[in-house]
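Structure first, commentary second.
All values below were derived from every heavy atom in this structure, side-chain atoms included, with hydrogens, water molecules and symmetry-related copies excluded. As the structure is a computational prediction, the values presented were derived from the model and not from experiment.
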Amino acid sequence: MIMNGFTLPTVPRPAGQALRTLTGLCVLALGGAVALHWLVLVPAEEQLRRTERAYEDARRQAVVLKQNRITQERVRDLEQRLEQVWATLPAEQAFASLAIEISKSARAVGVSLPGMTHSHKKPKDGLPPKASLVFQATGKYRDIYRFIHKLETMKPYLVIEQLDATRAPKSRTRRRGAVQFNIRVVTFLKTDPETGGST
């Protein structure tokens with residue numbers, strides 16, 4: 001064969017046959033590799049991507065479930081604490097005895113309570129009724145301090161909502177160095193199921 005003045009040598013027949021066979025095998029191997037790529041590797045890569053997406057979805061869902069579990073545990077804990085607080089609330093019928101108990105606690109530490117006023121607020125938005133006691137406590141500062149500590153640790157759930165101090169006015173009945181505290185304590189009341197919580 002002559003190309004541009006260049007003569008290609010002729011390949012002997014047996015070598016040409018072997019070369020054609022080898023070329024056919026190369027084409028066949030190349031076709032097999034392409035088929036293997038499209039039939040095995042591409043589906044495997046797609047399967048890997050699906051598995052990775054499923055793993056990420058499962059991991060996100062596990063994080064959400066963990067957060068939900070933590071939230072549920074917190075809600076359970078808050079419900080238990082709320083039940084404990086609810087158990088310490090005085091009943092509506094026991095509110096008068098609460099005032100008497102406060103007066104006894106004051107006398108026990110040498111504090112005088114000349115008078116007490118009380119008020120009730122009707123329940124709102126499913127909350128229990130709120131009751132408050134307002135009084136003046138007069139005595140020496142250390143006695144008042146012990147009395148306030150007794151109020152804070154008293155068995156029914158009480159909150160000191162307002163507390164201000166003044167020097168007690170001078171009179172024959174008042175002790176020297178006495179202070180006077182204006183105190184408002186607040187509590188919530190358990191409603192009587194028979195009355196439906198009306199106060």
Checklist outcome for this item: Across all chains, not counting sequence neighbours, the side-chain contact (heavy atoms from CB on, under 4.5 Å) partners of Q47 are R50, T51
Item to check | pair V159-F188: side-chain heavy atoms closer than 4.5 Å | outcome: no
Item to check | Pairwise side-chain contact, S132 with R184, heavy-atom cut-off 4.5 Å (strictly under) | outcome: yes
Checklist entry - How would you list, by chain and number, every residue that makes a side-chain hydrogen bond (donor to acceptor under 3.5 Å, both in side chains) with E73, sequence neighbours excluded? => result none
Checklist entry - Are any non-hydrogen side-chain atoms of R69 and Q67 less than 4.5 angstrom apart? => result no
Next on the checklist: Hydrophobic cluster membership, with links at side-chain heavy-atom distances under 4.5 Å among I/L/V/M/F/W/Y: are V186 and I160 in one?
Outcome noted: no
Checklist entry - What are the two closest non-hydrogen atoms of Q136 and P114, and how far apart are they? => result O-CD, 3.2 Å
Checklist entry - How long is the span from the OG1 atom in T153 to the CD1 atom in I148, to the nearest 0.5 Å? => result 11.5 Å
Item to check | Stepwise salt bridge (charged side-chain N to carboxylate O under 4.0 Å, His left out) test for R59 and E56 | outcome: CA-CA 5 Å; R59 192 178 62 77; E56 285 300 317; 2.9 Å; yes
Checklist entry - In Å and rounded to the nearest 0.5 Å, what is the NZ to CG distance from K121 to L189? => result 13.0 Å
Checklist entry - How many angstroms lie between CG in N68 and CD1 in I70, if you round to the nearest 0.5 Å? => result 9.5 Å
Checklist entry - Can you name the nearest heavy-atom pair linking F135 to G115, along with the distance? => result CB-O, 3.3 Å
Checklist entry - Does a side-chain heavy-atom distance below 4.5 Å link Q162 with I183? => result no
Checklist entry - Ion pair present between E161 and K130, side-chain N to carboxylate O less than 4.0 angstrom? => result yes
Checklist entry - Would you say H118 and V134 make side-chain contact, with heavy atoms under 4.5 Å? => result no
Item to check | Salt-bridge criterion met for D77 and R81 (N-O under 4.0 Å) | outcome: yes
Checklist entry - Do L98 and T187 come within less than 4.5 Å of each other through their side chains, counting heavy atoms only? => result yes
Checklist outcome for this item: Closest non-hydrogen atoms of M116 and I102, given as atom of the first, atom of the second and distance, are CE-CG2, 3.9 Å
Checklist entry - Could you state the interatomic distance from CD (Q180) to CG (D164), rounded to the nearest 0.5 Å? => result 9.0 Å
Checklist entry - Does some side-chain heavy atom of R49 sit less than 4.5 Å from a side-chain heavy atom of R53? => result yes
Item to check | From CD1 (I144) to CG (L151), nearest 0.5 Å | outcome: 9.5 Å
Checklist entry - Who are the side-chain hydrogen bond (donor to acceptor under 3.5 Å, both in side chains) partners of R76, not counting sequence neighbours? => result none
Next on the checklist: Students often mix this up, so state it plainly: with edges at 30° and 60°, are the rings of F181 and Y141 parallel, tilted or perpendicular?
Outcome noted: tilted
Item to check | Salt-bridge criterion met for K140 and D143 (N-O under 4.0 Å) | outcome: no
Item to check | Separation of R142 CZ from R146 CZ (nearest 0.5 Å) | outcome: 6.5 Å
Next on the checklist: With a sphere of 6.0 Å drawn around CZ of R74, does it hold more than 12 non-hydrogen atoms of other residues, nucleotides or ligands?
Outcome noted: no
Next on the checklist: Using the rule that Ile, Leu, Val, Met, Phe, Trp and Tyr join whenever any side-chain heavy atoms are under 4.5 Å apart, tell me whether V109 and L133 fall into a single cluster.
Outcome noted: yes
